[in-house]
> 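Can you keep this structure in mind? I'll have questions shortly.
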2 protein chains.
Amino acid sequence: MPFSEIAIDQIRSLGESKLIKQISDWLGPVTPAYPEGMGDDCALLPASKDLMVVTTDSLTFGQHFDASVSAKQAGAKLIKRNLSDIAAMGAQPSHAVLALLCGPDLSYSWLEGFFTGIRDCCENYQVKIVGGDVSGLPAGQFSAVLTLMGTVSETRLRKGATCYDYIYVTGTLGGSILSKHYTFEPRLAEGQWLANNQSCVSLMDLTDGIAKDLKLLLPDSSAAAINLEAIPVSADGDMLSKRSGLDPLEHAFCDGEDYELLFTVTKDADLKDFESKWASAFPNVQLSRVGQIIPSSETSKPYLNAATNEVLPWTSGFEHLTD
Amino acid sequence: MPFSEIAIDQIRSLGESKLIKQISDWLGPVTPAYPEGMGDDCALLPASKDLMVVTTDSLTFGQHFDASVSAKQAGAKLIKRNLSDIAAMGAQPSHAVLALLCGPDLSYSWLEGFFTGIRDCCENYQVKIVGGDVSGLPAGQFSAVLTLMGTVSETRLRKGATCYDYIYVTGTLGGSILSKHYTFEPRLAEGQWLANNQSCVSLMDLTDGIAKDLKLLLPDSSAAAINLEAIPVSADGDMLSKRSGLDPLEHAFCDGEDYELLFTVTKDADLKDFESKWASAFPNVQLSRVGQIIPSSETSKPYLNAATNEVLPWTSGFEHLTD
C-alpha cells in the first residue's frame, strides 16, 4: 500500500529538500553526476548527432495499479511502459525526467521500493534519470509521470504502412491482466532490429489491444484481412476466456497492455527470408503473420476474416477515460 | 471551475481518441506536423548540435491554482513556470510534451480555455507541443505535467558561484500571490544575455523565495552578506505586509513564485560596466545588487546583514509537501 498511517513513515515528516536528496540516493548509479543529473534548474544533456525521440506516460494509484502490486513492480512498470514506446520507434533510450505527485501520507518505505524498481529497470535498459519534480496531492493519492527520451538513426513510423503489406505481431496476445502487465519486457532489441530491416515499413507497440491499435496503422481506404488461426492467443488469454465466457480471440483482440510490437512488411519482401532472419535473431520471441492490408471503400477500416470475408466483431480496446 | 455537472460538457462524453484529436485542433499552430508532432508512439525531434536542457513541472487543481483562476491563466502558467527554468539555464525553449491526469467530469469548455492559454503562450515563446498522454483520475481532480526541452550553447550553472561574487536579482520580490504568479513573464532574453556575459558566473530562477533559493547558489563554507536597502521589495510585497503585519523584507525573502533571476557576478568584473550594459539591454527590467558571497565557517550558509553583521532571521521559503 503506497500510504502510511505511521507519522514517521509519511513523507511529510521529511520535507521536500530531504526527500529529493533521498530519491537521488535511492536512484544511485542511474542518476548521472551534476549537471547532467539533478541539482540545477534543468538537466544538461549532450548534443545528439542522431534524431531524438520523446514520449511521456503516467502511472496512478487506483488507476494503473492497486494495493496488491508491490512498490518495485509499480516503479518498474512506469519505466517499462515508456520503454515500450521507445521500442516502437526502434530507438535507444537515454534520459528521463520524473514528476511525482503525492499526498503527504505517502509511505517513505513504499517510495523506497518504488525507486528500487525504477533503479533496477533503468540499470537494465541503460536509462539515466536526470531530473524531476515533486509536488503535493491530497492525502491518499499518488501519480508519477515519466518523460523518456532516446536517440534513433533509422526509425519506422505508424504511417509507413500501405495496401498489401503483411501484418505481424510479436509474442502472444490477451489476458495480460493475469500477470504480463507487470512482467513484460519492452521489445527494445526487436524494435531496433525491425527499424534497420528494409522489409519492415511500419511499426508500433500494442498497448490498448490490437482491435484498437491496428486501426492506427491502417492507411485510409483500407481494411485488414485477418487470418484468425494465426492470432497468437496467450495461455493467459485462454485462461481468462474460461472465466469470462468470451471467445479467446476476443481477449487477444481487445485486452490492453500486451506491450508487443505490431508492424507491417512490404508485399515485395521475401517473407520466408524475413521470418527466418527473425527466428535467428530472436529464437525465443514468437512471430506471427496475422493478416494483410487490403483496399476497402469503408471509412471504418474494418477487420475481415480472411477465410470467410466476414467482418469481425472486435473493434475497440481499452478506453482510458471511463469511470 | 475545471469540472462540470452537465453531462455533455464532461470529457467522458468524448472518449480518449476524440479528446486527443480535439486537443490537437485547439493547439493548432503550436503542434508541428507528424511525425515531429502527435500521432506516433514517440515524437521525432531533429538532432541538436547544441547542448540540450530538459525540465519538468506540474500544475494541480487545489494545489497550484483554484476556481478563481481562469482556464487560460492556468494553461499559460504551466508553460511559463517551465520556461522560467529554461531561462535560468540561458537556454532557448524548443519542444514540450504534456501529460494530463483528469477526472471524467473535467469540463470540456474549461479544457478548451486551458489549451487556449497554452497555445497563446507557446506561440509567444516559440515552444512546440510534440506529444503527450491523457489518463484518468477520480472525479473532481486535475493535474497537468509539462516536460520542456531546449537548446543552449553557453550556459551558467548554480554551482558556478564562488566566494566574493556579487549577488544580483532581477525585477522586484514578494507578494506575488496578489497577481504576479499568473502575470509574470519568464526572463528568457535576460537569461540568454547573462549566459553569454563573461562576468556572470552562476544563474538560477527564484521560485520558492530568495531565503530558500539563495542557499542553493552559495558554495560550501560561505555566507551571503545582504545589503537590505538594496532588496527590491515589490509594491505587492509592501501591500501584503500591511495585511500580514510582517516586515516587507520577509515577504521579499520568503514568498514563492517570483520567477525572477538570481545570479552572481565575479568579483573581478567591472560592476559599473556590467550594470550599464544591463540597463541598455533591458531598460525596463530592474537590476539589484543585493549582496556578496563571503567566507564562513558555519555549515548553515547563513544570511548576514552586511551593515551590522547580524544573522538575518529569514531562512526558509515555500515548502511543497505540507498539507
Side-chain angles (χ1 to χ4, degrees), chain A residues 11-12 14-16 19 34-35 39-58 60 62-64 85-86 88-89 91 95 97-99 101 104 130-139 143 145 147 149-150 152 155 157-159 204-205 319-323, chain B residues 11-12 14-16 19 34-35 39-58 60 62-64 85-86 88-89 91 95 97-99 101 104 130-139 143 145 147 149-150 152 155 157-159 204-205 319-323:
Chain A
I11 58 163
R12 83 176 96 200
L14 209 63
E16 186 196 9
L19 179 61
Y34 175 93
D40 220 295
D41 294 288
C42 293
L44 193 62
L45 310 185
S48 165
K49 63 177 181 2
D50 287 326
L51 294 171
M52 285 194 46
V53 294
V54 57
T55 184
T56 190
D57 219 340
S58 63
T60 296
Q63 193 84 17
H64 302 106
D85 283 325
I86 298 284
M89 304 295 282
H95 300 88
V97 291
L98 174 62
L101 302 110
V130 293
D133 181 61
V134 177
S135 79
L137 281 185
S143 285
V145 176
T147 301
M149 290 167 277
V152 70
T155 190
L157 303 175
R158 294 176 177 184
K159 295 202 175 169
M204 67 181 294
D205 71 332
E319 174 58 50
H320 293 261
L321 290 177
T322 50
D323 290 280
Chain B
I11 59 164
R12 83 176 97 200
L14 210 60
E16 186 196 8
L19 179 61
Y34 175 92
D40 220 296
D41 294 288
C42 293
L44 193 64
L45 310 185
S48 166
K49 63 179 180 1
D50 288 325
L51 295 171
M52 285 194 48
V53 294
V54 58
T55 184
T56 191
D57 219 339
S58 63
T60 297
Q63 192 84 16
H64 302 106
D85 283 325
I86 298 285
M89 303 295 283
H95 300 88
V97 291
L98 175 61
L101 303 110
V130 294
D133 181 61
V134 177
S135 79
L137 282 185
S143 286
V145 176
T147 301
M149 290 167 276
V152 70
T155 190
L157 302 176
R158 295 176 177 182
K159 296 203 175 167
M204 68 181 294
D205 71 332
E319 174 57 49
H320 294 260
L321 288 178
T322 51
D323 290 282

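Below, chains carry the letters A, B, ... as their sequence lines are ordered, and counting in each starts from 1. Only a predicted model underlies this, so the values are computations on that prediction, with no experimental measurement involved.
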> Among the options A:Ile86, A:Thr55, A:Thr56, pick out the one with the most heavy-atom pairs lying under 4.5 Å from chain B.
A:Thr56
> Looking only at heavy atoms and a cut-off of under 4.5 Å, which of B:Gly150, B:Gly39, B:Gly131, B:Pro138 has the most pairs with chain A?
B:Gly39
> Of the listed residues (A:Ala91, A:Gly132, A:Gly62), which shares the most heavy-atom pairs with chain B below a 4.5 Å separation?
A:Gly132
> Measuring heavy-atom distances to chain A, does B:Leu98 have an atom under 4.5 Å in its side chain, in its backbone, in both, or in neither?
backbone
> Write down the atom of B:Ser48, the atom of A:Ala47, and the distance for their closest heavy-atom approach.
O-CB, 3.2 Å
> Based on non-hydrogen pairs under 4.5 Å, which of B:Met89, B:His95, B:Met149 is most in contact with chain A?
B:Met89
> Between B:Leu101 and chain A, which part of the residue has a heavy atom less than 4.5 Å away: side chain, backbone, both or neither?
side chain
> Is the side chain of B:Asp40 donor-acceptor paired with the backbone N or O of A:Arg158 at a distance under 3.5 Å, no angle test?
yes
> Relative to chain A, which segment of B:Asp57 carries a heavy atom at a distance below 4.5 Å: side chain, backbone, both, or neither?
both
> Most heavy-atom pairs under 4.5 angstrom with chain B, which of A:Ala88, A:Ala43, A:Ser58, A:Pro35?
A:Ala43
> For B:Met204, which atoms come within 4.5 Å of any heavy atom of chain A: side chain, backbone, both, or neither?
both
> Name the member of B:Thr155, B:Val152, B:Thr147 that forms the most heavy-atom pairs with chain A at distances under 4.5 Å.
B:Thr147
> Using heavy-atom distances under 4.5 Å, tell me whether B:Val145 contacts chain A through its side chain, its backbone, both, or neither.
side chain
> Picking from B:Val97, B:Thr60, B:Val54, which has the most non-hydrogen pairs under 4.5 angstrom with chain A?
B:Val54
> I'd like to check B:Gln63 versus A:Leu137 (side-chain heavy atoms, cut-off strictly below 4.5 Å). Are they in contact?
no
> Under 4.5 Å heavy-atom distance to chain A, tell me which part of B:Ser143 shows up: side chain, backbone, both or neither.
side chain
> Taking B:Asp50, B:Val53, B:Leu157, B:Asp205 one by one, which has the highest count of heavy-atom pairs under 4.5 Å against chain A?
B:Leu157
